Amino acid sequence: MAVAVRGNRGASNFGAFNLRSFFSYRIFISALFSLLFIATLSVIFTTNPTTPHHDSALPTTGNAYVRRTFLTLNSDPLKTRLDLIYKQASDHITLVNAYAAYARKLKLEMSKQLKMFDDLAQNFSDIQMKPNYRETLFGSTGPLDEDVLRQFEKEVKDRVKTARMMIVESKENYDNQLKIQKLKDTIFAVNELLVKAKKNGAFASSIAARSIPKSLHCLSMRLVEEKISHPEKYTDDEPKAEFEDPSLYHYAIFSDNIIAVSVVVRSVVKNAEEPWKHVFHIVTDRMNLAAMKVWFKMRPVERGAHIEIKAVGDFTFLNSSYVPLLRQHESVNSQKPSSDNTIKFKNPKDTSLLNHLRFYLPEMFPKLWKIVFLEDDVVVQKDLTGLWRIDLDGKVNGAVETCFGSFHRFTHYLNFSNPLIKEKFNPKACAWSYGINIFDLDAWRSEKCTEEYNYWQNLNEDGSLWSGGTLPPGLVIFYSKTKSLDRSWHVLGLGYNPSISMDAINNAAVIHYNGNMKPWLDIAMNQYKGLWTKYVDSDMEFVQVCNFGL
């Protein structure tokens, strides 16, 4: 029994020994790791000493801040607070600089605001340069002064608050500026398309204005067919004495457009107080002569007015030996076209003798004293007999002037780089317009205006004095010979200007569809077309057949 007990005690002592050995081992290991940890910290503190905060600028890299933050874990808590303040200031400097750079990129004209951004960023950096902060907070290795830190924090927060207010205010502004820039880019692109569309539109409009509409061609063909079918109805009448009576009111209309001529004549007659005293002299080309005569046979002039219809060829004096324009045509036709011998006109109508007949009025109507010249694209709205009662003060031409400001001056129609033009005319002289003109034919003959026209037309054979048309030579030969009429006699622009005052139109004696948008074309402006169509003889059978779209 004694042996057994001893044996059990021995076993018990052995177990206790093993337990003590196990705990001793763990204590040893813990002590070893503690020593290693302390040694590691010693090495870290020896090789990475704390960097003082006295840099010339705020740190901009993450590594510096991480190192400083790690080190402050073993330092004064106020240093941790200083680092947080320092980082906040650094972040706002970056943000302010970013907005300033963005503003410069947008090229904003906001120099005052850009300066504020730059000053604010500089102020952030300048805070730490203050001697009090530099010595107490950034230059000291000892404990920080809490009062100084609190003052430093207040200044930083004040600047942060200012920065945030500026950024909030500027963000909306910069967003708007970006939208404005995008809008400008869009407007520029659209404007380019608009310019291109306008050019195409102007070109198409020009083609439409120069071409003969199908309805006009139809009308001419129907009228000619009528004459061929019934020649006995359309014999020429004997000339009337009224055609040469200078005491009556005479009008000259030169055109190949039948429907336009009929509107001019009807509008004059309907608004005349004494229509039986009005005489119309219509001159057309040979091709349209028969159709023009048939029209006025089928639809005679109302209220006793008189009408004479002739062709250009009926005036035998108009030949190439006398008319420079005809001679120039023959010269061009007889030679191969080149830059030296081609007449420089943009519109074939500008070279038409029918269009230049206005310069030969005294010879075409030798027995008349005065005559009113009417374009075929006008509508008469009032009695015109008052024109004959205007005292022209010895001038040849009575017309409405068209200049305003610097527009419609002689310099826009004549080439003042040519010495002949430069020495004879004033570039700022006011231009006037054809459409309705009262001509004193006796004064015209005295001033020898037709001879002057022939002289200047010969000089302009190469187009060096003016580019074409009838207004430039008219300005030349009637220079200082034109009497300005009241603007109410003649309102222009119904063929191109959509903004003419309706009061001005309603008060005008004559309205003029000058421009490409003639009232008989599909491109006519709707707001003005009715003023013309109300004088169209819509009861005429051929007008209905030819579908004028009235």
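Computed from a predicted structure; not experimentally measured. Computation of the quantities below employed the complete heavy-atom set of this structure, encompassing side-chain atoms and omitting hydrogens, waters and symmetry-equivalent molecules.
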Side-chain donor or acceptor of Asp393 paired with backbone N/O of Lys395 under 3.5 Å: no

Glu401 and Arg487: CA distance, side-chain angles, deciding distance, salt bridge (charged side-chain N to carboxylate O under 4.0 Å, His left out) verdict: CA-CA 8 Å; Glu401 293 183 336; Arg487 290 183 182 271; 5.7 Å; no

Sidechain-backbone polar pair: Asn437 side chain, Leu374 backbone, donor-acceptor under 3.5 Å: no

Reported CD1-to-OG distance for the pair Ile258 and Ser220, which is rounded to 0.5 angstrom: 3.5 Å

Pair Asp376 + Lys518, salt bridge at N-O below 4.0 Å: no

Expected output: side-chain Tyr453 to main-chain Tyr360 donor-acceptor under 3.5 Å: no

Leu492 and Tyr513: CA distance, side-chain angles, deciding distance, side-chain contact (heavy atoms from CB on, under 4.5 Å) verdict: CA-CA 7 Å; Leu492 300 96; Tyr513 292 83; over 6 Å; no

Residues, nucleotides or ligands: over 12 heavy atoms within 6.0 Å of Glu232 CD: yes

Lys/Arg N to Asp/Glu carboxylate O, Glu302 vs Lys270, below 4.0 Å: yes

Residues, nucleotides or ligands: over 12 heavy atoms within 6.0 Å of Asp486 CG: yes

Sidechain-backbone polar pair: Gln381 side chain, Ala508 backbone, donor-acceptor under 3.5 Å: yes

Rounded distance (nearest 0.5 Å) linking atom CE of Met517 with atom CG of Asn497: 10.0 Å

Test ring pair (Phe, Tyr, Trp, His ring centres under 6.0 Å) applied to His281 and Phe365, Tyr251, Tyr249, the passing residue: Phe365

Under 3.5 Å: donor-acceptor pair, side chain of Asp256, backbone of Thr284: no

Close side-chain approach of Val378 and Val264, heavy atoms under 4.5 Å: yes

Arg358 NZ/CZ over Phe254 ring centroid, <6.0 Å and within 45° of normal: no

Arg303 vs Trp276 side-chain heavy atoms within contact, under 4.5 Å: no

Crowding at CZ, Phe188 (>12 non-hydrogen neighbours, <6.0 Å): no

What side-chain donor-acceptor pairs closer than 3.5 Å can you find for residues 412-423, not counting sequence neighbours?
unit_1	atom_1	unit_2	atom_2	d
His412	ND1	Arg409	N	3.4
Tyr413	OH	His408	ND1	2.7
Asn415	OD1	Ser417	N	3.2
Asn415	OD1	Ser417	OG	2.4
Asn415	ND2	Ser417	OG	3.3
Asn415	ND2	Ser464	O	2.8
Asn418	OD1	Leu420	N	2.9

Aromatic ring pairing Phe315/Phe317, orientation class (parallel under 30°, perpendicular over 60°, tilted between): perpendicular

Spacing of Leu441 atom CG and Ser446 atom OG [to the nearest 0.5 Å]: 11.0 Å

Ionic contact status for Lys370 with Asp440, cut-off 4.0 Å: no

Test item: Arg299 side-chain N/O and Asp537 main-chain N/O as donor-acceptor pair under 3.5 Å: no

NZ/NE/NH1/NH2 to OD/OE distance under 4.0 Å, Glu452 and Lys481: yes

Flag side-chain contact, heavy atom, 4.5 Å: Pro213 against Leu521: yes

Donor-acceptor contact present, side-chain Ser331 to main-chain Arg327, <3.5 Å: no

Within 6.0 angstrom of Lys240 NZ, more than 12 heavy atoms from elsewhere: yes

Crowding at NE2, His230 (>12 non-hydrogen neighbours, <6.0 Å): yes

Plane angle bin for His490 and His512 - parallel if under 30°, tilted between 30 and 60°, otherwise perpendicular: parallel

Residues which pass salt bridge (Lys or Arg N to Asp or Glu O under 4.0 Å) with Glu274, listed by chain and number, not counting sequence neighbours: Lys277

CA sep, side-chain torsions, deciding dist, call: Arg286, Asp314, salt bridge (charged side-chain N to carboxylate O under 4.0 Å, His left out): CA-CA 9 Å; Arg286 180 65 62 182; Asp314 293 333; 3.6 Å; yes

Ring centroid separation Trp444 to Phe478 under 6.0 Å: yes

